[in-house]
Amino acid sequence: MDPLTGRLLIAVPRVRHEQLPAVGAGDDGLLHVDPITEIDQDNVFERSVVLILHHDHEGAHGLILNRPLAAEVDAVLPGWQDHVTAPDTIFQGGPVSLDTALGLVAIPGDDESIGIKRLFGDVALVDLDAPPAVVMPEVGALRIFAGYAGWEPEQLEDEIEAGAWYVVDAHTDDAFTTRPHELWSQVARRQRNTIAFVSSFPGDPGLN
């Protein structure tokens with residue numbers, strides 16, 4: 001499998017067998033099952049959109065983009081509240097290391113200031129120990145996450161092969177959407193294949 005760094009994972013919706021059309025799991029095989037239920041017993045990834053920050057033979061890690069929390073940023077990181085992109089709360093980036101904060105930023109252009117590490121395209125990580133006044137002049141958008149999603153070697157590949165995830169291209173503004181609760185449907189809907197059909201599936205399969 002080619003590295004997935006910089007791409008999105010869309011969690012396959014939890015639906016009954018007869019409701020799920022035959023669609024490609026990352027354009028790689030047919031889907032007729034609901035494997036996300038077995039993989040995600042705690043519902044952390046249900047209808048999630050995950051941006052893969054890094055993926056290689058040693059594993060992968062990324063951030064769930066559509067899990068805003070009630071916690072204000074200043075309660076954890078004083079001085080950053082006024083700089084985050086709306087909604088101005090902390091997001092849960094995943095189930096791993098929830099006591100760790102990660103700052104994801106959009107940085108237009110090619111320059112990098114002190115405290116910013118470009119990952120791919122316009123997306124970078126910001127050093128949250130640096131003074132906001134030092135790094136924010138170069139930043140177009142900022143979101144702060146508690147925790148992250150992580151996979152051991154070949155774990156993510158196995159989940160994709162099992163049909164738990166759709167793999168699609170990311171847009172920079174996905175990570176900084178002002179409507180995170182709509183992101184799963186929006187990303188699915190813009191696909192030019194049968195994945196777009198799942199965007200209208202209800203959160204409760206019994207309602208369909």
Side-chain angles (χ1 to χ4, degrees), residues 1-14 25-29 31 33-71 73 76-77 80 84-85 89-106 115-129 141-172 174-177 180-181 183-184 187-188:
M1 177 180 292
D2 293 334
L4 302 179
T5 300
R7 303 196 74 192
L8 289 181
L9 304 178
I10 310 175
V12 171
R14 298 180 177 185
D27 298 325
D28 187 25
L31 260 179
V33 294
D34 178 19
I36 192 69
T37 298
E38 295 184 5
I39 292 170
D40 184 25
Q41 297 291 333
D42 296 326
N43 298 329
V44 174
F45 293 106
E46 184 172 4
R47 298 206 167 213
S48 63
V49 178
V50 181
L51 177 63
I52 299 298
L53 303 183
H54 183 75
H55 174 229
D56 60 18
H57 67 281
E58 296 182 347
H61 62 271
L63 294 171
I64 300 175
L65 301 180
N66 57 335
R67 291 287 185 274
L69 301 173
V73 173
V76 180
L77 295 166
W80 288 95
V84 295
T85 302
T89 63
I90 291 178
F91 280 57
Q92 181 179 351
V96 182
S97 298
L98 289 173
D99 58 347
T100 299
L102 296 173
L104 196 70
V105 295
I116 292 178
K117 178 183 179 181
R118 189 184 298 270
L119 299 177
F120 44 81
D122 295 338
V123 177
L125 289 175
V126 62
D127 181 1
L128 296 173
D129 290 326
L142 165 66
R143 183 140 290 159
I144 295 176
F145 297 85
Y148 64 94
W151 291 266
E152 297 178 352
E154 299 185 8
Q155 181 184 358
L156 180 56
E157 290 86 341
D158 289 345
E159 291 181 9
I160 294 171
E161 184 176 356
W165 302 100
Y166 304 127
V167 181
V168 303
D169 292 335
H171 296 176
T172 299
D174 291 333
F176 309 100
T177 177
H181 294 298
L183 184 62
W184 184 87
V187 174

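Just the heavy atoms: all of them, side chains too, but no hydrogens, waters or symmetry mates, feed the values below.
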#### Entry: Passing candidate, side-chain contact (heavy atoms from CB on, under 4.5 Å) with I52, options L8, L9, V167, L119
L9
Do [X] and [Y] have side chains that approach each other closer than 4.5 Å (heavy atoms only, starting at C-beta)?
| X | Y | result |
| --- | --- | --- |
| H55 | E157 | yes |
| R7 | D169 | yes |
| I160 | L4 | yes |
| L104 | F145 | yes |
| V187 | L65 | no |
| Y148 | L53 | no |
| F45 | I64 | yes |

From [X] atom [atom1] to [Y] atom [atom2], the distance as rounded to the nearest 0.5 Å:
| X | Y | atom1 | atom2 | result |
| --- | --- | --- | --- | --- |
| D158 | E152 | CG | CD | 11.0 Å |
| L183 | F176 | CG | CZ | 12.0 Å |
| S48 | L63 | OG | CG | 11.5 Å |
| R67 | H181 | CZ | NE2 | 9.0 Å |
| L156 | E154 | CG | CD | 11.0 Å |
| W184 | N66 | CH2 | CG | 10.0 Å |

Show the nearest heavy-atom pair for residues [X] and [Y], with the distance to one decimal.
| X | Y | result |
| --- | --- | --- |
| W80 | L128 | NE1-O, 3.3 Å |
| R143 | F91 | NE-CE1, 3.4 Å |
| P68 | T89 | CB-OG1, 3.9 Å |
| A106 | T172 | CB-CG2, 4.1 Å |
| W151 | G62 | CZ3-N, 4.1 Å |
| A101 | I144 | CB-CG2, 4.4 Å |

### Query
Donor-acceptor pair, T85 side chain versus L142 backbone, under 3.5 Å?
yes
### Query
Crowded around D56 CG? As in, over 12 foreign heavy atoms under 6.0 Å?
yes
